[in-house]
Amino acid sequence: MRDKSILLIIGGGIAAYKTLELIRLLKKRGASVRVILTKGGAEFVTPLSVSTLAGDKTFTDLFDLDDEAKIGHIKLARDADLIVVAPATADLMAKMANGLANDLATTCLLAADCPVLIAPAMNPFMYEASATKRNRTQLFEDGVQFAGPANGDMACGEEGEGRMLEPVLILDKIDRLLNQKKIEGPKNLLLAGHSDSSRLEGRHVLVTAGPTHEPIDPVRYIANRSSGKQGYTIAIAARNLGATVTLVSGPTELKDPDGIHIVQVETARQMLEAAVGALPADIAICAAAVADWRVDQDHPEKIKKSASKPPSLGLVENPDILKTLSQKGPKRPQLVIGFAAETQDLVDNARKKLKAKGCDWIVANDVSPATGTFGGERNQVTVIIDEQVEKWPSLDKQKVAERLMGEVADTLSKNEQAAE
Ligand code: PMT
């Protein structure tokens, strides 16, 4: 971070005290840090402690004649490689989502032409309130990046989602953003995530999508409600970033996307064979809803309906494609991502799958019928990487795919830089 400039905006929440540690960590990594302390933020931390740690004056007032003459709020935004808002309160997020600019912080945010990262922190009910949900979606769509929030005990005594992410985890996210090959302004950031057609150039991405059909006899099969939309949009987003893409698809109604090598399969066993056959790959993303079981014997002829009793069918477990791809070995992709389709205890169950399957990330989604995730146009996912749990708002599946592939591209370039 040696030659990077971070503009940190400290909002008015109890978590503001943690940003002092963030400043210290950023400085330790060699970044230059300028801080805007909002009026609310100054209720929790003092300009003196901020300035001491940042090694620079603390900016507070839009109408400070001296500052305006010397630097100016536009220059404050322009000089930054990244703007970080921590804690991002419900109020600050609402102002950002609506383009308000009535103080130094919001004016700089509106004038920003670099990426913006926010670390939300608020009471769980405020975080889940419909107004905040709308603002979150708007901010996501504007290309604003999110760090957290985390789940846990709140200063107000309640428990839930809304705790500001720990400074080291915010630092990790900052590191990933600064290591992106191309950094653009917030309005363009999402575009940068998918229209920059070279970010995954030279990479091979393997995607599984759709359901599998497990024959019972020549005319009947076991299946599920996956439409393939989420997997196909991921394959398209990877292609749009310049990757060579192999899409192993179960039976769907979707059109074959252009510029993607597609392998159509029917059963889990065929899907496994096609996926393993497509290796080596740099990244594997298993979005397919693979049937966990198949019937234990072949029925070459249609099972006859008997007047006495229905036939009893035995089941055997299908091979696990995600688990196979995640196994250590020379052909293991650098990054293996699974999905977890749950109807209860989303995060706990997804975490268990992350561990059991041995993949690197897991994208959890609620597939209870009321959510419309299976077959629908939208998806609300929670991305779990190690201890980090990042809940995204409900987005169009294409947006989920673009965002996910943007994160994948960031991670790969960060890994590359670390290896250099
Ligand atoms: O296709 P859509 O209608 O757009 O819906 C999208 C989706 C809900 C199907 C998708 O977002 C999703 O959640 N895909 C994973 C569905 C699933 O089978 O989840 P699971 O929790 O049962 O499996 C966990 C992971 O293991 C998945 O990555 C799955 O692909 C993989 N798996 C499971 C069983 C198996 N035998 N082999 C596998 O590879």
Side-chain angles (χ1 to χ4, degrees), residues 6-26 33-54 56-64 67 73 76-77 80 82-112 116-129 131-136 138-139 142 144-150 152-167 169-171 173-174 186:
I6 313 284
L7 177 62
L8 172 66
I9 295 173
I10 304 181
I14 182 69
Y17 78 92
K18 288 191 189 173
T19 55
L20 297 178
E21 172 65 359
L22 182 62
I23 299 171
R24 197 188 65 76
L25 292 170
L26 285 166
V33 185
R34 272 185 170 155
V35 183
I36 295 176
L37 188 59
T38 62
K39 210 162 163 249
E43 298 288 332
F44 296 93
V45 291
T46 67
L48 182 62
S49 35
V50 170
S51 295
T52 310
L53 286 163
D56 197 349
K57 76 160 284 182
T58 304
F59 298 86
T60 51
D61 193 357
L62 179 60
F63 301 111
D64 184 316
D67 285 347
H73 61 274
L76 211 50
L82 177 71
I83 300 182
V84 179
V85 185
T89 58
D91 178 65
L92 256 175
M93 284 170 63
K95 284 178 175 157
M96 287 173 73
N98 289 287
L100 263 67
N102 58 358
D103 60 10
L104 184 59
T106 48
T107 309
C108 283
L109 283 162
L110 202 59
V116 174
L117 172 70
I118 65 172
M122 67 197 72
N123 168 279
F125 283 95
M126 289 170 76
Y127 192 67
E128 284 307 324
T132 310
K133 267 192 189 155
R134 277 198 303 277
N135 294 333
R136 270 152 56 190
Q138 185 60 55
L139 291 171
D142 290 345
V144 169
Q145 297 283 321
F146 282 61
D153 295 336
M154 309 292 297
C156 58
E158 290 183 6
E159 204 191 318
E161 194 174 18
R163 263 173 77 91
M164 192 173 89
L165 215 58
E166 289 307 314
L169 298 177
I170 301 176
L171 185 77
K173 185 89 185 188
I174 292 174

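If you take CZ on Phe59 and CD1 on Ile9, they are separated by 12.0 Å, rounding to the nearest 0.5 Å. Atom CE of Met122 is separated from atom CD of Glu161 by 10.0 Å, given to the nearest 0.5 angstrom. Atoms CG and CG, on Leu8 and Leu20 in that order, are 9.5 Å from each other to the nearest 0.5 Å. Between atom CD1 of residue Ile14 and atom CZ of residue Arg163 there is a gap of 11.5 Å, rounded to the nearest 0.5 Å. Within the model, atoms CE of Met93 and CZ of Phe146 stand 4.5 Å from one another, a figure rounded to the nearest 0.5 Å. Within the model, atoms CG of Leu82 and CD1 of Ile174 stand 6.0 Å from one another, a figure rounded to the nearest 0.5 Å.
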Using side-chain contact (heavy atoms from CB on, under 4.5 Å), reason through Asp103 and Thr106 one step at a time and then give a plain yes or no. CA-CA 6 Å; Asp103 60 10; Thr106 48; 2.5 Å; yes
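Nearest heavy-atom pair, Ala119 versus Ile170, reported as atom, atom and distance to 0.1 Å: CB-CD1, 3.8 Å. Nearest approach of Leu139 to Met96, heavy atoms of both residues: CD2-CB, 3.7 Å. Shown here for Lys18 and Met164, the closest heavy-atom pair between the two residues is NZ-O, 3.3 Å. When every heavy atom of Arg34 is checked against every heavy atom of Leu76, the shortest pair comes out as CD-CD1, 3.7 Å. Nearest approach of Ala121 to Pro87, heavy atoms of both residues: CB-CB, 3.7 Å. The shortest heavy-atom contact between Ile83 and Cys108 is CD1-O, 4.2 Å.
Within the 4.5 Å cutoff, the side chain of Leu104 has no heavy atoms near those of the Asp61 side chain. Within the 4.5 Å cutoff, the side chain of Asn135 has heavy atoms near those of the Asn98 side chain.
Of the possible polar contacts, one joining the Asn123 side chain to the Phe125 backbone as a donor-acceptor pair under 3.5 Å is found. Remark: side-chain polar atoms of Thr89 are not paired, donor with acceptor, to backbone N or O of Gly12 under 3.5 angstrom. Judged by distance alone, the side chain of Ser51 and the main-chain N or O of Thr58 form a donor-acceptor pair under 3.5 Å. A donor-acceptor distance shorter than 3.5 angstrom exists from the side chain of Thr52 to the backbone of Leu48, with no hydrogens or angles considered.
Between Glu21 and Arg24, at least one side-chain nitrogen of the basic residue sits less than 4.0 Å from a carboxylate oxygen of the acidic one, meeting the salt-bridge criterion.
Only one option out of Ile10, Ile36, Asp56 pairs with Val50 in a side chain to side chain contact (heavy atoms under 4.5 Å, CB included); it is Ile10.
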